[in-house]
Each structure stands twice: as C-alpha cells, then as structure tokens.
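Remarks on the structure that follows.
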Protein chains: 2
Amino acid sequence: MPPHPTPPRPTDAELEILSVLWRLGPSTVREVHDVLSKERPIQYTTTLKLMQIMAEKGLLERDESARSHVYSVRQPRERTQTQLAGHLLDRAFGGSARNLLLGALSAKKASREELAELRKLLDEFETGRKS
Amino acid sequence: MPPHPTPPRPTDAELEILSVLWRLGPSTVREVHDVLSKERPIQYTTTLKLMQIMAEKGLLERDESARSHVYSVRQPRERTQTQLAGHLLDRAFGGSARNLLLGALSAKKASREELAELRKLLDEFETGRKS
DNA sequence: TTGACAATACGAAATACTTCGTAGTAATCT
DNA sequence: AGATTACTACGAAGTATTTCGTATTGTCAA
C-alpha cells in the first residue's frame, strides 16, 4: 500500500499515541507504551499494533534499522492540530472560530496569562504576521 | 435502556444530524433527510436509523404524538459544542486554548470582522462577564 | 374498502476501530 | 548450546459505526 499523500485524521486511540510522540520525539514502541500504560490499562501488543497500523496509514514513519524499530510522526504537530481544529470547526461550529473559542473557554476556564496569550495571537493575525 | 444523564459525544454522522437540527429546530426525519440528502447521497432509512439510535443514546428526544415523529436535540447546541471543544482541547492540544485557536485560524483564515469578534469574546472573559 | 403512498421498525451487512493472544525470531545470559 | 528475555508479525475477536433493504403499519383519496 502506497503511503498516504496526506494521512487521514487520527482516531482517538491514535491521537493518544501521537500525543506521546509529540512529547518524546522519535521513540520505540516500548518507550511509548511505558508512558501510555501509566495513563490507562493497555497491553504492549495493543500499543504495537496501533503504531503499526498508524505507520500503514501514513501517520507515522518507521525506522527499522535497529532491532527495536523507531517510530516518528510524519506530520509536524502543528499540521495535525490544524487538520483537527479545521475539521471540528467545519462539522460542529459551522465555521465560526468565535464559537469554537467560546466552547473551549467554557470547557476549561483560561488563566489571565492564557487570555493574554490568546490576545497576542490575535494581534499576530491582525498585523498580518500570520495571515 | 434508561436515558443517559449526559449523552455521549456524538459521532461524525451524528454530528451531521445535529447540525441540521440546530438550523431547523425540532423536525421530522423527512425534513432532516431532505436537507441532508442535498449535501451527500444517503437513503431515507439511513437517516431514520441514525436518528432512532441517537434518541436511544439520549442525543435526541422524540415526540411520537403525531404520525410523523418529531425529533429535537436534547442538549442545547452550546453544551454539545462545549463538550466537543473540550474533548479536542484535552486530547489534541494538551489543554492549550491558544494552540486550538491557532489551529482553527490556520485552517480557515478569519476575516477582519471575525477577528474583532474573537477579541470581543476575550474582553467578555477578562471582565468576568463570562467567567 | 381498497389501493397508493408515506412513515416506522427491524435485521443485518459492511466497514472501521480497538484490543489482545499466540507464534516466531533475534539478542542475551549462564 | 540451551534457557530466558524482548521484540515484531499477524490473526482474530469484540465493539462501534454506518449503511440500507424488507416488512409492517397508518393515512387518505377514489
């Protein structure tokens, strides 16, 4: 199977793996599993199988040169996040970024510092530094 | 099966139905289906089954008093949106609302008006009107 | 009242997702 | 070498999701 040009949106379980890899960088199944298994009950072969499937789907890249294969994400974190945010924006928020932000802030109150960060982000978009 | 106290997070197909109901308000399967079938190919009984399942899950409420049952959403739109945004915020953004907003704006450039709306929303949270 | 139409109920196939056990194989230890 | 350990490969079960066909039932007009 040829690798996806742009990989599919990760499922929930796959997102867990990605999150760990975003933190650790390129890692073996063992390393990912050790982190994951501290968060919830899961067998080693389950983590393995997930990562194998993710490699097939083009979500991960696999380096087989060592005895323990090393997996790395195939898209930078930002790209995956944009994909996910864009999807939710479309499907659940009718494209309204305002309502998405409202939802996020309602779900988890932001600190004063975080509000300042958000404001700064808007500044960057207004001055065209990010548009 | 007793109705869910708080219904589960809707799936993608279920979200389509919800989106239509958010626009139309309480509706029959026929009314929802007519909208949906303009967006993509789908059979009437598929729409019907989906809505029946959603009622079972507690996502929709069903009024059977008329020949054609009338379905309505069981949670206000805002609540479902908060649930979805919160979930994504957790799973994909490590809780960073800033990165979620960045993802959203990267996916779909906001107009100057929308940026102003976003700013206003932050104002409301800062002055405590929404905290 | 019967035929045509429109709605619901239901079973079930097709697909996708998640999980894990078993088997095989390579590395390491005694 | 033989035993032990650690890894990958793979099949497959269990569950959830999505889709649709068939059967049944209610409504209404002729």
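As the structure is a prediction and not an experimental result, all values here were calculated from the model. The basis for the numbers below is simple: all heavy atoms, side chains too, and nothing from hydrogens, waters or symmetry mates. A, B, ... follow the sequence lines: proteins, then strands. Residue 1 opens every chain.
- A donor-acceptor pair is defined here as one N or O able to donate and one able to accept, closer than 3.5 Å; such a pair exists between the side chain of A:S27 and the backbone of A:G25.
- For B:S37 (side chain) and B:Y44 (main-chain N/O), no donor-acceptor pair under 3.5 Å exists by modelled atom type.
- If you take CD of A:Q43 and P of D:dG14, they are 17 Å apart, rounded to a whole angstrom.
- Spacing between atom CD1 of B:I53 and atom P of D:dC20 amounts to 13 Å, rounded to whole angstrom units.
- For B:K109, the side chain to side chain contact (heavy atoms under 4.5 Å, CB included) criterion is met by A:F125, not counting sequence neighbours.
- Each of A:R9 and A:P41 has a nearest nucleotide on DNA chain C; the 5'-most of these lies closest to A:R9.
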Derivation and outcome, side chain to side chain contact (heavy atoms under 4.5 Å, CB included), residues A:R119 and B:E126: CA-CA 11 Å; A:R119 206 174 283 280; B:E126 283 211 334; 3.3 Å; yes

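- Among the atoms of the strands shown, only primed sugar atoms or phosphate atoms (P, OP1, OP2) are found under 4.0 Å from some heavy atom of A:R40.
- Per the geometry, NE2 belonging to A:H33 stands 10 Å off P belonging to D:dC7, to the nearest Å.
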B:L50 and B:E14: CA distance, side-chain angles, deciding distance, side chain to side chain contact (heavy atoms under 4.5 Å, CB included) verdict: CA-CA 7 Å; B:L50 263 173; B:E14 289 167 352; 4.2 Å; yes

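- Distance B:E16 CD to D:dT18 C1': 11 Å, rounded to the nearest Å.
- In this structure, CE of A:M54 is placed 12 Å from P of C:dC17, rounded to the nearest angstrom.
- The separation between B:L50 atom CG and D:dT19 atom P is 7 Å, rounded to whole Å.
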Under 4.0 Å protein heavy-atom contact, by nucleotide of nucleotides 6-16 of chain C - B base, S sugar-phosphate only: BSBBBBB----

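- B:M51 places its CE atom 17 Å from the C1' atom of D:dT17, with the value rounded to the nearest Å.
- The backbone N or O of B:E114 sits less than 3.5 Å from a side-chain atom of B:S111, completing a donor-acceptor pair.
- Nucleotide D:dT19 holds its C1' atom 12 Å from the CD1 atom of B:I17, rounded to whole Å.
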